[in-house]
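Got a structure for you, questions after.
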Amino acid sequence: MIEIRGLAKSFGDLRVVEDVSLVARDGEITGLIGPNGAGKTTMFRLICTILRPDRGTILIDGIDGRHDPLAARRRLGVLPDIRALYPRLSAREHLRYFGELHGLGRDAIDSRIAELVATLRMEDFIDRRAKGFSRGQQMKVALGRALVHEPHNIMLDEPTNGLDVATSRSVRELLRRLRDEGRCILLTSHIMQEVAALADRIVVLAGGRVVLEGAPAELRRATGLQDLEEIFMAATQETATQAFAAGE
Amino acid sequence: MSAILTVFRKEMRDHLRDRRSILVAMIYPLMGPLLLWLMFSFVGGSMRVKEGSPLVVPVVHAESAPDLIRYLESQGATMQPMPEDVRGFVSGGWVPFALVLPERPTPGDQAPFAVRLIANPSRFDSIVATGRVIEHLNEYQRETLRGRLSAAGLPTEILNVLTISQENIGRAAGPAVILLTMIPPFLIFTLFTGGVHVALDSTIGERERGSFEALMMNPVTRNQVLTGKLGATIVFTLLAVAVQAVAFWVMLNSVPSESLGLVTPPGALRLALVVSVCLPLVFLATATQLLISAVTRSMKEAQTYLGLLPLVPGLAGMVLALSPVTAQPLLAAIPTFGQTLLMGQLVRSELVSPVFIAITAVATLATTAALLYLAFRLYEREEILFPQ
């Protein structure tokens, strides 16, 4: 479970995250959506402890990342927005490298790689070097890298960005399966249909704040709107108008 | 420790597959020894001319001084008649020098006559051949004088004002020793360049590609990651130095022996000692590379600085090669300068002071520690993850 309370982060004079509180529960997919510059990627970086918050607390399964960042990272698997593979390493060597960084033994890594190859359908390219991989293959390796240590909490930044229909579908199926195993999944996406189809809870972020939060059905009830895209537009435009009026 | 080893192994595997890393660490270091081999071979060729081959004397108006020509021919020289405007032949390198005699024979047996040598001191073969012909001309002059003194009934000893003898206490003389003193600057240049591609690609390159961020999302500290990368850079630098040291050894054992003259070339053990005194510089070079990667935002920017870096110690070596400085403890404390002095003494087979070696090593390692501390501190900054 990921619990965030009163989180704030600025870069110089630019306030990117302001007083954000949210909970991503176990056995649920939490969708974090927001317009460009809403602070989603910064939130991700704060949660995985590579950025230090100015204020607030982040607990990963009860572990405070500020006090024990390595323990917090052990509980996390992260798919960042930039997949950034090593072109001279094979897909298998990527998975092995990240498994070793998580302290897994050789046998554990081998059996885990075998599982991931089958799950992500990587048979054709597992021993090929990453140079020249298609976007789908890159995404699969990056996803495998995030899952190699079987993390309890999984964060994915735009997981289906640039993927074809079949691969997107298999990624969605995988996420549902992981959710059903009781894992906590936090994802961002620009594709509203994807968030609507996947997320059990939705958090709308705008101007560095949480402007709307709840299950899709709750949001529909609260706003009186049926289409999630309409809900998103209403919530983010209202924030933008308020910010404009306040001279921000 | 295991995280450091994991990063180290990954960087080694990654860069052993990288053509540029291999080129910089294993092929570029061969250039220095190859260049010196060519220079030694050239010097050797010139020496051979000096010692054994017949002297060819390009001469203008040979008919004006038949005695002199006969004398030169009796010394094994061959005359090569040249036209009046011989300067162009010398400046163009067609002949190494020219001996210009008067246009008409000097009237009378004992009247002096002017001999002019046209030489080109910018060419090594001209210096050697001119030296040989001057020796012959001086000897001709002495013999002629001896003949005249004898004819006048005077003792020929009055010609000897000084009896000159020379005792060499240095190990060597001539161009060969200058070439040997070029070995340390080459080694220092390699120290600062051998691992540079690995250092940059695994730090600023990884940051630029975005994979450094993904790496830091794992349960590892930045210090562990940097130490692993530093380890791989050190191994590649050592590899480059080893390749160059072996190449120098092969070069010194394959150049013509006459090109070395009196110089005793450093043997394998002495060469190993040369390499070992400069080992602390490996750490200094890699620490500097890490520091530069921490303060730059792109590979291109870092390459600009690191391209200039080897020139600083290389320059010190070149200055020392041309104007030898006495080894003093204060100089030993200057990293790269102390090592250049030490390596120079070693390649010239001179005695070296263990205290000097110790001061050099400690000063260099202390500087390395300071640079590493600074680099590690800079890598703790948040913006290091997002160079752009």
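Below, chain A is the first sequence line, B the second, and so on; all start at residue 1. Quick note: numbers below take in every heavy atom, side chains included, and nothing from hydrogens, waters or symmetry partners. These numbers were taken from a predicted model, which means no experiment stands behind them.
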Worksheet, complete the sentence: Bottom line for Arg52(A): the part with an atom under 4.5 Å from chain B's heavy atoms is both
Fill in: Contact leader toward chain A among Asp18(B), Thr221(B), Val220(B), Val7(B), where contacts are heavy-atom pairs under 4.5 Å
Asp18(B)
Worksheet item: Is any side-chain N of the basic residue among Glu382(B) and Arg45(A) closer than 4.0 Å to the acidic one's carboxylate O?
Response: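 So Glu382(B) does not pair with Arg45(A) through a salt bridge.
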Worksheet item: Would the number of heavy atoms belonging to other residues, nucleotides or ligands and lying under 6.0 Å from CZ of Arg106(A) be above 12?
Response: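 Counting other residues, nucleotides and ligands, CZ of Arg106(A) stays at 12 neighbours or fewer.
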Worksheet entry | Residues, nucleotides or ligands: over 12 heavy atoms within 6.0 Å of Phe133(A) CZ | yes
Worksheet item: Taking it one step at a time, do Arg13(B) and Arg88(A) satisfy side-chain contact (heavy atoms from CB on, under 4.5 Å)?
Response: CA-CA 9 Å; Arg13(B) 177 180 294 125; Arg88(A) 295 181 292 267; over 6 Å; no
Discussion item. Within the supplied structure, the quantity of interest is the number of heavy atoms (other residues, nucleotides, ligands) at a distance under 6.0 Å from Met1(A) CE; does it exceed 12?
Written reply: no
Practice prompt. With a 4.5 Å cut-off on heavy-atom pairs, point out which of Leu79(A), Leu51(A), Val78(A) contacts chain B the most.
Written response: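 Of the options given, most contacts go to Leu51(A).
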Worksheet item: Does a sphere of radius 6.0 Å around OH in Tyr373(B) hold more than 12 heavy atoms from other residues, nucleotides or ligands, not counting ones at 6.0 Å or beyond?
Response: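 Incorrect, the count does not exceed 12.
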Worksheet entry | Under 4.5 Å from a heavy atom of chain B, the part of Arg83(A) involved | neither
Worksheet item: Can you find a heavy atom in the side chain of Met217(B) that is under 4.5 Å from one in the side chain of Leu76(A)?
Response: no
Worksheet, complete the sentence: Heavy atoms of Pro219(B) and Leu101(A) approach each other most closely as CG-O, 3.7 Å
Worksheet item: Considering residues, nucleotides and ligands other than Arg121(A), do more than 12 of their heavy atoms fall under 6.0 Å from its CZ?
Response: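 For Arg121(A), atom CZ is not crowded (no more than 12 foreign heavy atoms under 6.0 Å).
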Worksheet item: Any idea which of Glu93(A), Arg145(A), Arg74(A) has the most non-hydrogen atom pairs under 4.5 angstrom with chain B?
Response: Glu93(A)
Practice prompt. For residues Ile82(A) and Gly210(B), report the shortest heavy-atom separation together with the two atoms involved.
Written response: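 Here Ile82(A) and Gly210(B) meet closest at CG2-CA, 4.4 Å.
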Worksheet item: Within a strict 4.5 Å, meaning less than it, do heavy atoms of the Arg17(B) and Leu89(A) side chains meet?
Response: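 In short, these two side chains touch, coming nearer than 4.5 Å.
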Discussion item. Looking at Arg73(A) and Met216(B), would you say the former's side chain and the latter's main chain have a donor-acceptor pair under 3.5 Å?
Written reply: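 Judged by distance alone, yes, a pair lies under 3.5 Å.
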Worksheet item: Do Tyr97(A) and Arg9(B) come within less than 4.5 Å of each other through their side chains, counting heavy atoms only?
Response: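 No; the side chains remain at least 4.5 Å from each other.
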Discussion item. Are more than 12 heavy atoms, taken from residues, nucleotides or ligands other than Arg128(A), located less than 6.0 Å from that residue's CZ atom?
Written reply: yes
Worksheet item: With chain A, which of Lys10(B), Glu206(B), Arg209(B) has the greatest number of heavy-atom pairs at distances under 4.5 Å?
Response: Lys10(B)
Practice prompt. List the atom of Glu100(A), the atom of Thr6(B), and the distance in Å for their closest heavy-atom pair.
Written response: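 Reported closest heavy-atom pair: OE1-CG2, 3.4 Å.
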Worksheet item: Does Tyr86(A) reach the side chain of Leu215(B), with side-chain heavy atoms less than 4.5 Å apart?
Response: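 A side-chain contact exists here, since the closest heavy-atom pair is under 4.5 Å.
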